[in-house]
There are 2 protein chains.
Amino acid sequence: MSQHFSIAEENYIKIIYHLQQTDDNVNTNEVAAALNTKAASVTDMLKKLKQKKILNYEKYQGFRLSEAGEKIALAIIRKHRLWEFFLVEKLQFGWDEVHEVAEELEHITSKKLIDRLDVFLGNPKFDPHGDPIPDSNGKLPHQPQINLIDLALNKLAEVSAVGSQSKELLDLLKHKKIRIGTQLEVNKKFAFDHSIEIKIVGQTSFNISQQLAQTLFVKPLNK
Amino acid sequence: MSQHFSIAEENYIKIIYHLQQTDDNVNTNEVAAALNTKAASVTDMLKKLKQKKILNYEKYQGFRLSEAGEKIALAIIRKHRLWEFFLVEKLQFGWDEVHEVAEELEHITSKKLIDRLDVFLGNPKFDPHGDPIPDSNGKLPHQPQINLIDLALNKLAEVSAVGSQSKELLDLLKHKKIRIGTQLEVNKKFAFDHSIEIKIVGQTSFNISQQLAQTLFVKPLNK
DNA sequence: TAAATATTTTAGATTTGTCTAAAATTATTT
DNA sequence: AAATAATTTTAGACAAATCTAAAATATTTA
Ligand SMILES: [Mn+2]
Ligand SMILES: [Mn+2]
Ligand SMILES: [Mn+2]
Ligand SMILES: [Mn+2]
């Protein structure tokens with residue numbers, strides 16, 4: 001019934017999905033950069049995906065996934081994020097170590113495996129980076145979150161996601177005792193360097209840089 | 001440092017390893033049959049593996065893995081069997097369902113992943129089919145086992161492995177309440193059809209066919 | 001031991017995914 | 001609106017893994 005896709009095709013489908021979330025129309029060079037390949041190779045693949053009805057594409061006009069393409073992308077992302085959750089929760093991997101491995105695991109084809117894994121993990125809704133995990137029908141849980149830099153003063157909020165998965169960020173957050181789920185509020189914003197003073201519930205306040213604040217996402221808590 | 005092998009190469013290395021356990025020298029057609037491919041394709045791959053010093057091979061003379069080749073094979077088999085154990089113990093897969101999935105999972109490259117998985121699973125020594133799991137240095141646990149058909153009369157023994165992974169065998173064993181670890185002895189052997197009468201500890205005796213007896217392996221228990 | 005048969009290897013294609021270099025198209029400047 | 005620059009596509013090549021058909025070698029049988 002449903003077509004089979006190679007690992008190469010799946011990697012293209014996934015990256016196009018991610019790019020079209022922010023971009024209206026995805027373009028060749030973006031994909032080439034993201035996949036560490038050349039524009040000519042991308043064009044080759046675009047033709048193939050178009051022919052497989054996975055992609056809406058007219059040459060020189062940019063492109064987006066078709067509905068069918070989005071479904072495939074979401075299935076791959078589901079696998080990626082569930083495996084990341086598994087690695088962190090069950091195998092004690094750090095945040096910054098899981099992405100590469102999940103990049104391979106996401107291509108394992110068994111649907112039964114991934115649905116059983118989901119149950120085994122307790123149907124998690126968010127991966128270790130706070131990114132939403134699509135359910136087995138491809139539906140994404142909605143998380144109303146904003147950038148920490150945009151959080152109103154003295155409003156309690158909970159850290160819900162991070163915008164980077166680097167070891168460096170993880171180091172810093174560990175040291176500051178900030179993790180996903182941490183409750184905090186912003187006491188003051190400084191115009192000089194755009195740093196902000198935050199207070200974690202039950203701790204004394206401290207300053208964080210603009211750069212860090214921009215990398216953190218929070219879910220405002222109602223009172 | 002250590003070379004990288006493609007999935008195709010790994011599948012050849014693994015099958016050659018298995019074949020050379022029973023065969024003195026492995027030959028082209030055997031490999032072709034086992035991998036569902038053609039003899040010509042096998043020859044192509046043999047040249048490549050020889051050149052990579054993984055295989056001792058002279059044309060028309062048969063072949064065996066080199067020491068380096070065996071190490072690689074054992075690493076793949078370790079992954080395959082640990083994943084099978086995971087699927088059965090943690091995700092409630094049946095015996096007969098795990099092989100295909102493990103065939104894919106065995107090619108995931110992260111050494112850290114597999115060593116952590118090993119710990120997570122409690123360092124199992126045998127997979128769900130009773131096959132030994134190599135440790136992280138490639139050493140195989142030794143299991144002194146014999147075919148049930150060769151077990152002496154009235155000697156207590158424990159089922160340790162099965163020689164097939166089919167749904168059909170699993171069905172039969174479930175019905176007879178035989179699983180790995182089951183303790184039994186042979187009461188009588190019948191010359192007419194080579195069937196044998198066995199008695200599971202705490203149950204009444206019954207007959208099993210020669211074919212089934214030949215598919216079961218047991219570890220004789222001292223006294 | 002010579003003929004017949006089976007096995008293995010080579011020769012030449014094919015598919016997939018990639019690349020470089022050049023051509024075509026689109027976008028941006030003057 | 002040209003000219004210039006950037007992007008995208010095409011043309012042609014290559015490596016990996018596979019295949020079929022034919023040739024080479026080894027094994028078995030008579
Ligand atoms: Mn990937
Ligand atoms: Mn993630
Ligand atoms: Mn495999
Ligand atoms: Mn097994």
Side-chain angles (χ1 to χ4, degrees), chain A residues 2-16 19-20 22-65 69 72-73 76 103-104 106-107 109, chain B residues 2-16 19-20 22-65 69 72-73 76 103-104 106-107 109:
Chain A
S2 71
Q3 308 164 73
H4 170 259
F5 296 94
S6 70
I7 292 176
E9 288 170 329
E10 289 195 348
N11 283 335
Y12 276 95
I13 292 168
K14 193 181 66 163
I15 216 70
I16 294 170
L19 290 171
Q20 74 182 22
T22 44
D23 250 353
D24 197 40
N25 240 13
V26 188
N27 50 283
T28 309
N29 271 347
E30 277 177 330
V31 174
L35 289 180
N36 232 294
T37 184
K38 299 298 148 72
S41 307
V42 175
T43 303
D44 290 342
M45 185 59 88
L46 295 177
K47 288 187 205 155
K48 203 171 140 198
L49 294 179
K50 175 184 179 156
Q51 197 214 293
K52 292 194 176 189
K53 318 260 189 174
I54 291 306
L55 194 69
N56 297 321
Y57 164 59
E58 293 306 326
K59 64 160 125 160
Y60 290 108
Q61 299 309 128
F63 44 89
R64 302 196 114 237
L65 293 175
I72 296 158
I76 301 163
E103 207 58 44
E104 289 185 53
E106 72 190 359
H107 303 293
T109 51
Chain B
S2 69
Q3 307 164 73
H4 169 259
F5 296 93
S6 69
I7 292 176
E9 288 170 330
E10 290 194 349
N11 284 335
Y12 275 95
I13 293 168
K14 193 181 66 163
I15 216 70
I16 293 169
L19 291 171
Q20 74 182 20
T22 45
D23 250 352
D24 197 40
N25 239 12
V26 188
N27 50 283
T28 309
N29 272 346
E30 278 177 331
V31 174
L35 288 180
N36 231 294
T37 184
K38 298 298 147 70
S41 307
V42 175
T43 303
D44 289 342
M45 185 60 88
L46 295 176
K47 288 189 206 154
K48 204 172 140 198
L49 295 178
K50 176 187 178 154
Q51 197 214 292
K52 291 194 176 188
K53 317 259 190 175
I54 291 306
L55 194 68
N56 297 321
Y57 164 59
E58 294 306 326
K59 66 159 121 161
Y60 291 107
Q61 299 309 128
F63 43 90
R64 301 196 115 238
L65 293 175
I72 297 158
I76 301 163
E103 207 58 43
E104 287 184 53
E106 72 190 359
H107 304 291
T109 51

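In what follows, every chain begins at residue 1, and chains take the letters A, B, ... in the order their sequences are listed. From a predicted model like this one, the values you see are computed outputs, not experimental measurements.
The backbone N or O of B:Leu19 lies less than 3.5 Å from no partner atom in the side chain of B:Glu30, so there is not a single donor-acceptor pair.
Closest heavy-atom contact between A:Gly69 and A:Ile13: O-CG2, 3.7 Å. Across all non-hydrogen atoms, the minimal contact from A:Asn25 to A:Arg64 is OD1-CG, 3.5 Å. When all heavy atoms of B:Ala39 and B:Asn29 are compared, the closest pair comes out as CB-OD1, 3.7 Å. Among all heavy-atom pairs drawn from B:Glu10 and B:His107, the shortest one is OE1-ND1, 2.6 Å.
When heavy atoms are screened at a 4.0 angstrom cut-off, A:Thr28 is found touching the sugar-phosphate backbone but no base atom. Residue contacts shown for B:Phe63 are absent, as no nucleic acid heavy atom lies under 4.0 Å away.
Spacing between atom CD1 of A:Ile7 and atom C1' of C:dT15 amounts to 17 Å, rounded to whole angstrom units. To the nearest angstrom, P of D:dT8 lies 5 Å from CG of A:Asn29. Separating the CZ atom of B:Phe5 from the C1' atom of D:dA15 is a distance of 17 Å, rounded to the nearest angstrom. Computed from coordinates, the B:Glu10 CD to D:dA16 C1' distance equals 15 Å when rounded to whole Å. Between the CD atom of A:Glu30 and the P atom of D:dA6 there is a distance of 17 Å, given to the nearest Å. A straight line from OH of A:Tyr12 to C1' of C:dT16 spans 12 Å, rounded to a whole angstrom. Separating the CE atom of B:Met45 from the P atom of D:dA16 is a distance of 10 Å, rounded to the nearest angstrom. Separating the CG atom of B:Leu46 from the P atom of D:dA16 is a distance of 16 Å, rounded to the nearest angstrom.
Listed pair B:Asn27 / C:dT8 meets the phosphate criterion, a side-chain N or O lying under 4.0 Å from OP1 or OP2. For A:Thr37, a side-chain nitrogen or oxygen approaches OP1 or OP2 of C:dC19 to under 4.0 Å. Note on B:Lys47: every side-chain N or O is 4.0 Å or more away from OP1 and OP2 of C:dT9.
With distances taken from any side-chain atom of B:Ala39 to the nucleotides D:dT8, C:dT8, D:dT18, the minimum falls on C:dT8. Residue B:Ser41 places its side chain closer to D:dC19 than to any other of D:dT8, C:dT9, D:dC19. For B:Asp44, the listed nucleotide lying nearest its side chain is D:dT18; candidates were D:dT18, C:dT10, C:dT8.
Just one of B:Leu46, B:Ile54, B:Thr37 meets the side-chain contact (heavy atoms from CB on, under 4.5 Å) condition when paired with B:Tyr12; it is B:Thr37.
Counting heavy atoms from C-beta on, the side chains of A:Asn11 and A:Glu106 come closer than 4.5 Å.
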Sequence-aligned protein contact record of nucleotides 21-26 of chain D, with B where the base is within under 4.0 Å of a protein heavy atom and S where only the sugar-phosphate is = B--BSS
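Both A:Lys38 and A:Ala8 lie close to DNA chain C; mapped to their nearest nucleotides by heavy-atom distance, the more 5′-ward contact belongs to A:Ala8.
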